[in-house]
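Scroll down for the structure; my scribbles are underneath it.
Both backbone and side-chain heavy atoms feed into the values below; hydrogens, waters and symmetry mates do not. Sequence lines set the chain letters: A, B, ... in the order given, protein chains first and strands last, and positions in each chain run from 1. Predicted model only: the values in this text are computed from it and were never measured.
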4 protein chains.
Amino acid sequence: MQSHPTDSTRSTEKPPTDPTRHVGRPRDERAHRLILEATTALVLERGFDGLTIEGVARRAGVAKTTIYRWWKNKVDLLAETCAQDLSRAPLDPTESLQGDLVGLLRQELAVQASPMAHKVLPGLMARMAEDDALRKAFESRFPIAPGACTHKTLERARVRDEVDGTDDAALLREMIAGVVFWRLHVCHLETSETDLQRIAQVLRTGLERESS
Amino acid sequence: MQSHPTDSTRSTEKPPTDPTRHVGRPRDERAHRLILEATTALVLERGFDGLTIEGVARRAGVAKTTIYRWWKNKVDLLAETCAQDLSRAPLDPTESLQGDLVGLLRQELAVQASPMAHKVLPGLMARMAEDDALRKAFESRFPIAPGACTHKTLERARVRDEVDGTDDAALLREMIAGVVFWRLHVCHLETSETDLQRIAQVLRTGLERESS
Amino acid sequence: MQSHPTDSTRSTEKPPTDPTRHVGRPRDERAHRLILEATTALVLERGFDGLTIEGVARRAGVAKTTIYRWWKNKVDLLAETCAQDLSRAPLDPTESLQGDLVGLLRQELAVQASPMAHKVLPGLMARMAEDDALRKAFESRFPIAPGACTHKTLERARVRDEVDGTDDAALLREMIAGVVFWRLHVCHLETSETDLQRIAQVLRTGLERESS
Amino acid sequence: MQSHPTDSTRSTEKPPTDPTRHVGRPRDERAHRLILEATTALVLERGFDGLTIEGVARRAGVAKTTIYRWWKNKVDLLAETCAQDLSRAPLDPTESLQGDLVGLLRQELAVQASPMAHKVLPGLMARMAEDDALRKAFESRFPIAPGACTHKTLERARVRDEVDGTDDAALLREMIAGVVFWRLHVCHLETSETDLQRIAQVLRTGLERESS
DNA sequence: TAGTAATCGAGACGGTACGTCGGGTCTTTGT
DNA sequence: ACAAAGACCCGACGTACCGTCTCGATTACTA
């Protein structure tokens, strides 16, 4: 009934003198997994507001206490649950700024339009807007900081002499994320590849020229 | 909210046939006002999630049923409460696309950064994202449709031959609203006049040139 | 159309001038009737607790005010509604005390077991038990005071020398009403003619003999 | 019912082999007691209709949910609250049917006239009359079934040859309870010892003779 | 081998708010 | 004067979750 150390995800032998080992009963990985799965299922079914700790506990067959022991509220729980859905892999650079921008837009769209993000993002942002600590905690959770990508993209463009030295990385990031978010979650618009090309074109041309 | 000459309260000498007069006890305008004031105060104090119907009733010294009689939930109540804060007056056109874009951005910032909108917008959007009917009801509430402004702006620019014939009004609207929203409510960034100028420049240049 | 002083239950008002003429809009007898009908229907459908002023108003298509103008609460309304169901005609005397007692019991059963009384009596009594004024008002509403019947019955029996001079009229009335009520509303028992005969026999024999 | 005094808030003694011990946080006996006390106080002050769950919760300093966890409505709560007041101990037999009947009547009067019963009985009966399940649940709650008493009483009288073999136990029970109830709750009459003697006499004599 | 310490299940607890129902009152127009 | 309509305040309903809090039972590491 209990997961042994040798089964499931743990393929390594347990080190007898592991400093991270604590006294007391170890955390039940199975319960942990069930909770995350229940959270995923519930939020996809009923949305951000329909997700409740009680519902997760019921669904996972777990005591509420066990949830509260590891996550302090439902947003904290969601953060871990959808971390993967909101993470982004580094992009392969293309030969042109246009190509890189389309790549960034495409990834942003893929992330924000994922089933999980679609259900969760607006609610999550609302909470983050009211809770500054939460916002910071959330930002620091994603492996690939989105700001870094735009920075590298512009760096490469600068090498190719496509743009000048102005550092628009942050602004570019905000415009990409902003337009995708607005279309997706405010206007509920489909966004085609052609749309992405057009947006990338506007951004690229806008960044290219420094002339007044 | 145009006041036609024939509209408003006419001092005619025909009180018995007043079309606005209904049978039954008339609505208590004072209670109505108290409720809206309490809503405003509460949402500014405690934010979107801290706003409850019970709290409003308590604060306004009004029965809960009186609130439910006129508004079906707290979003509906908020919609009326912050309608003014979220409305926008038509903008005076300037001589250049750059000037018009800065004007649009400035207005968007002013609206989204107003104390009320700042507290309310993210939460409101989260609800709208989950409830399609609500979204439509909310959109139709504001007198000046934001999409119309960008359309006119681009129309004027086209007359001046600053842009070609592509209809980017909707996209422009989304980019303006998106970047302002993202900076304001996701990144919690201040946005200076210089920032607005830079954003407008990027957008203008991006829209100007149609060459690939 | 107008109710004159000798009509129905409301006979206490005496207009100083013309008894049949009042100033202002006359009472709408149709509404009055609709209210009573709606009351009857509702109480039979949903029982005493299921009967509400709001429900009556809804069903009768009448304003609540109109009900409250004429009846001060639902018990008062019920009193008028079921007055007929709870009233009893004078009984024809028989040749024996036994026969008279069976008659009294039979009538009591008929009254308390009527569809209306069956729904209403327990609830009504509960209210009367808590509200003394109500109890008196209710008692005075029925044309044939039940106590009088038992009195006459015993009087006749005394003439026939079946009982002695002790005045047991009130007690007899209470025993008859009590046993019928208890069987009907507490035990939910059917009561056959044989049962009535047996009860009458016990009562008669009990009253007949004065021996120690 | 624990026999040991649980006067303090939490008994520190731990029974090692208590079969009634369940998993989860144990029921707070103090809250339980406070609720019953508040119920008693409220119903005596304000009567059956004045008793509300909210009122009990307020008075007991307890959450409403705690009440609803254990009792499904106010009648269920009352049932436990006044179980003691409505229970009756077995009666000591006397030497005569007359004496036994007076004893039964006296007990019936004592029970129905107790402060609690006086406030509660009519309302309770009204509810029972409308809800059959409730009636049965309520009947099964009292330790000494009243019907059994009358049965034994008549049995003893039969042995003494005071009555014949007809089984009038149920009828006797109904007549006793009925007349006491009617006098007490419908007529609001005081009932003296002499009254009881007279009623007992009527009943005894009525039951004694089987000849018409 | 016992002790210590953290975990998990179960579930009771005080709370807050929900949205609804009905009570009784009041205010207006219309008859 | 009465009727109809309906707005108003009020109190209570029963429910859903919240986050906290005992409990008894497990399940490691440690002394």
Check nucleotides 11-13 of chain E for protein N or O atoms closer than 3.5 Å to its own N or O atoms and list the pairs.
unit_1: E:dG11; atom_1: O6; unit_2: A:T65; atom_2: OG1; d: 3.2
unit_1: E:dA12; atom_1: O4'; unit_2: D:R25; atom_2: O; d: 3.4
unit_1: E:dA12; atom_1: N3; unit_2: D:R25; atom_2: NH1; d: 3.3
unit_1: E:dC13; atom_1: OP1; unit_2: D:D28; atom_2: N; d: 2.9
unit_1: E:dC13; atom_1: OP2; unit_2: D:R69; atom_2: NE; d: 3.4
unit_1: E:dC13; atom_1: OP2; unit_2: D:W70; atom_2: NE1; d: 2.7

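- Atoms CZ (A:R58) and P (E:dA10) sit 14 Å apart, rounded to a whole Å.
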> Should C:K64 and C:R58 be marked as a side-chain contact (heavy atoms from CB on, under 4.5 Å) after you check the CA-CA gap, both sets of side-chain angles, and the distance that decides it?
Replying inline: CA-CA 8 Å; C:K64 268 200 296 178; C:R58 233 169 2 237; over 6 Å; no

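- The nearest whole Å value for the distance from the CG atom in A:N73 to the C1' atom in F:dT20 is 15 Å.
- Between C:R33 and C:E37, at least one side-chain N (NZ, or NE/NH1/NH2) sits under 4.0 Å from a carboxylate O, which counts as a salt bridge.
- Between C:K136 and C:D132 there is a salt bridge, with a side-chain nitrogen of the basic residue lying less than 4.0 Å from a carboxylate oxygen of the acidic one.
- The residue among D:L51 and A:L51 whose nearest nucleotide of DNA chain F lies closer to the 5′ end is D:L51.
- Rounded to an integer number of Å, the gap from D:W71 CH2 to F:dT15 P is 16 Å.
- With a 6.0 Å radius and a threshold of 12 heavy atoms from other residues, nucleotides or ligands, C:R46 has its CZ atom at or below the threshold.
- What separates NZ of D:K74 from C1' of F:dG11 is a distance of 13 Å, to the nearest Å.
- Nearer the 5' end of DNA chain E, as judged by each residue's closest nucleotide, is the contact made by B:G55, out of C:T52 and B:G55.
- To the nearest angstrom, P of E:dT25 lies 14 Å from CD1 of C:I67.
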> For B:V62 and B:D28, what are the C-alpha separation, side-chain angles and deciding distance, and is it a side-chain contact (heavy atoms from CB on, under 4.5 Å)?
Replying inline: CA-CA 11 Å; B:V62 143; B:D28 185 343; over 6 Å; no

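- Distance, C:Y68 OH to F:dA4 P: 16 Å, rounded to whole Å.
- In this structure a side-chain-to-backbone donor-acceptor pair under 3.5 Å is present from B:K74 to B:L51.
- Regarding C:I53, its CD1 atom lies at a distance of 6 Å from the P atom of E:dG23, rounded to whole Å.
- Regarding A:R30, its CZ atom lies at a distance of 12 Å from the C1' atom of E:dG9, rounded to whole Å.
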